[in-house]
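Please find one structure pasted underneath; my questions will follow.
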Amino acid sequence: MTIRVLLADDQALLRATFRILIDSCDDMEVVAEAADGKEAVALARIHRPDLVLMDIRMPGTDGLAATSAICADPDLADTRVLILTTFEIDEYVAEALRAGASGFLGKDVTADALLAGVRTVAAGDSLLSPLATRTVITRFLAAPAKGVRPADLARLTAREREVMAWVAEGHSNEEIAGKLVVSPLTVRIHVHRAMTKLGARDRAQLVVIAYQSGLVQAAPRG
């Protein structure tokens, strides 16, 4: 299957560079380009892309507002948002994750890492580096959110809660499998069952819920 990508960035040269890179791959293509958040939302509704590569700082409607609109639209439930930012540690990134973004990359990312990130997020996984998980998420996502309660965790089995906690601390399926002495496939099944029970659209939102429900405690601010 071809991954259909929408580019949203106010810098035309950067969009052109990303288009050349993405279109050079047999398994992905750019279906549209947006210069601001309002245009990104409109084009997402027209093209229904698999993934939006979204810049945060854009004139007019920024990437944060656009991410919220896209992730809240039931007609775009299958569209993932991958945030691009100049600063990896950025409060706006955390807000985008709250809104439903599936992860983020720094704009200094290598070409190979960008393409790998697109494939990862399009496949339904999150792209959260350990740095993001341990700083951005713990610092900015710890505040309780409306609709997220500790009681919600009662829907999960003890093993699903355990796996969810490891995910929230930034561990990969392979690392969790090693700790629990099970296969990575078993871990993946637990993760997806937890996502289904809690209404998380992907792994990134599962991490958000883990902190906001109190399953995992935020690290002290230093």
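Numbering starts at 1 and runs along the sequence shown.
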Any chance you could measure Thr196, atom OG1, to Leu206, atom CG, to the nearest 0.5 Å?
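One gets 10.0 Å once the value is rounded to the nearest 0.5 Å.
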
With side-chain contact (heavy atoms from CB on, under 4.5 Å) as the test, pick out the partner of Ile176 among Val182, Val187, Thr186.
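Exactly one option meets the side-chain contact (heavy atoms from CB on, under 4.5 Å) with Ile176, and it is Val187.
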
May I ask you to say whether Glu160 pairs ionically with Arg155, meaning some side-chain N is under 4.0 Å from a carboxylate O?
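Result for this pair is no, no salt bridge flagged.
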
Validation row: Met54, Leu6 side chains within 4.5 angstrom (heavy atoms):
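Not touching, per the 4.5 Å side-chain cut-off.
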
Is any side-chain heavy atom of His190 closer than 4.5 Å to one of Glu162?
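Counting from C-beta outward, Glu162 and His190 never come under 4.5 Å.
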
Are more than 12 heavy atoms from other residues, nucleotides or ligands located less than 6.0 Å from atom CG of Asp75?
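More than 12 within 6.0 Å, yes.
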
Find out whether Arg4 and Met28 are in side-chain contact, i.e. whether some heavy atom of one side chain is under 4.5 Å from a heavy atom of the other.
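Not in contact.
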
Flag yes if Leu84 and Val31 sit in one hydrophobic cluster, no otherwise; membership is Ile, Leu, Val, Met, Phe, Trp, Tyr, and two members link when side-chain heavy atoms are under 4.5 Å apart.
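Cluster IDs for Leu84 and Val31 differ.
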
Would you sort out whether Ile3 and Arg119 count as a side chain to side chain contact (heavy atoms under 4.5 Å, CB included), showing the intermediate values?
CA-CA 8 Å; Ile3 301 170; Arg119 294 185 179 101; 4.1 Å; yes

Using the rule given for side chain to side chain contact (heavy atoms under 4.5 Å, CB included), can you reason through Val5 versus Asp50, listing the C-alpha separation, both sets of side-chain angles and the distance that settles it, and then say yes or no?
CA-CA 6 Å; Val5 179; Asp50 299 304; over 6 Å; no

Would you kindly confirm whether Leu53 and Val109 end up in one hydrophobic cluster when ILVMFWY residues are joined by side chain heavy atoms under 4.5 Å apart?
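Looking at the clustering, Val109 is in the same group as Leu53.
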
Path from Ile189 to Leu156 over hydrophobic side-chain contacts below 4.5 Å:
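In one cluster with Ile189: Leu156, no.
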
Are the side chains of Val163 and Arg188 in touch, meaning some heavy atoms are under 4.5 Å apart?
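With C-beta onward as the side chain, the pair stays apart.
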
Give the minimum heavy-atom separation between Leu115 and Cys25, together with the two atoms involved.
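Residues Leu115 and Cys25, closest heavy atoms: CD1-SG, 3.5 Å.
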
I need the minimum non-hydrogen distance between Met58 and Ala35, along with the two atoms involved.
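Minimum heavy-atom separation between Met58 and Ala35: SD-O, 4.0 Å.
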
Nearest 0.5 Å, what's the CG-CD1 distance between Leu7 and Ile22?
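One gets 5.0 Å once the value is rounded to the nearest 0.5 Å.
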
I'd like to know whether CG of Asp78 has more than 12 heavy-atom contacts from other residues, nucleotides or ligands below 6.0 angstrom.
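Count not over threshold, so no.
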
Check whether any side-chain heavy atom of Arg57 sits under 4.5 Å from a side-chain heavy atom of Asp10, and report yes or no.
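No, their side chains stay 4.5 Å or more apart.
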
Partner residues of Ala65 under the side chain to side chain contact (heavy atoms under 4.5 Å, CB included) criterion, sequence neighbours left out
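Residues passing side chain to side chain contact (heavy atoms under 4.5 Å, CB included) with Ala65: Thr61, Asp62.
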
Shortest non-hydrogen contact from Ile209 to Ala200?
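Taking every non-hydrogen atom into account, CD1-CB, 4.1 Å.
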
Please, which pairs that meet salt bridge (charged side-chain N to carboxylate O under 4.0 Å, His left out) have at least one residue in residues 32-45, sequence neighbours excluded?
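Every pair satisfying salt bridge (charged side-chain N to carboxylate O under 4.0 Å, His left out) with a residue in residues 32-45: Arg15-Glu33, Arg19-Glu33, Arg45-Asp73.
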
What's the separation between atom CG in Leu76 and atom SG in Cys71, rounded to the nearest 0.5 Å?
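With rounding to 0.5 Å, CG (Leu76) is 9.0 Å from SG (Cys71).
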
Let me confirm one number: the CD-OG1 distance from Gln11 to Thr17, rounded to the nearest 0.5 Å.
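It comes to 9.5 Å.
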
Is there side-chain contact between Met164 and Val191, with at least one heavy-atom pair below 4.5 Å?
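Answer no - side chains too far apart.
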
Just by modelled atom types, is the Val30 backbone N or O under 3.5 Å from a matching donor or acceptor in the Asp23 side chain?
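Answer holds: yes.
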
Kindly give the heavy-atom pair with the smallest separation between Val121 and Ser102, and that separation in Å.
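Between these two residues, the closest heavy atoms are CG1-CB, 3.6 Å.
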
The test is side chain to side chain contact (heavy atoms under 4.5 Å, CB included); show your working for Val81 and Ile83 and say whether it passes.
CA-CA 6 Å; Val81 177; Ile83 298 294; 3.9 Å; yes

For residues Ala122 and Leu51, report the shortest heavy-atom separation together with the two atoms involved.
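For Ala122 and Leu51, the tightest heavy-atom pair comes out as N-CD1, 4.0 Å.
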
Leu21 vs Leu114 side-chain heavy atoms within contact, under 4.5 Å:
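A side-chain contact exists here, since the closest heavy-atom pair is under 4.5 Å.
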
Could you state the interatomic distance from CH2 (Trp166) to CZ (Arg161), rounded to the nearest 0.5 Å?
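CZ of Arg161 is found 15.5 Å from CH2 of Trp166.
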
Locate the shortest heavy-atom distance separating Ala32 from Leu43; write the atom from each residue and the value.
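It is CB-CD1, 4.1 Å.
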
Spacing of NE2 belonging to His47 relative to OG1 belonging to Thr79, to within rounding of 0.5 Å:
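These two atoms lie 11.5 Å from each other.
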
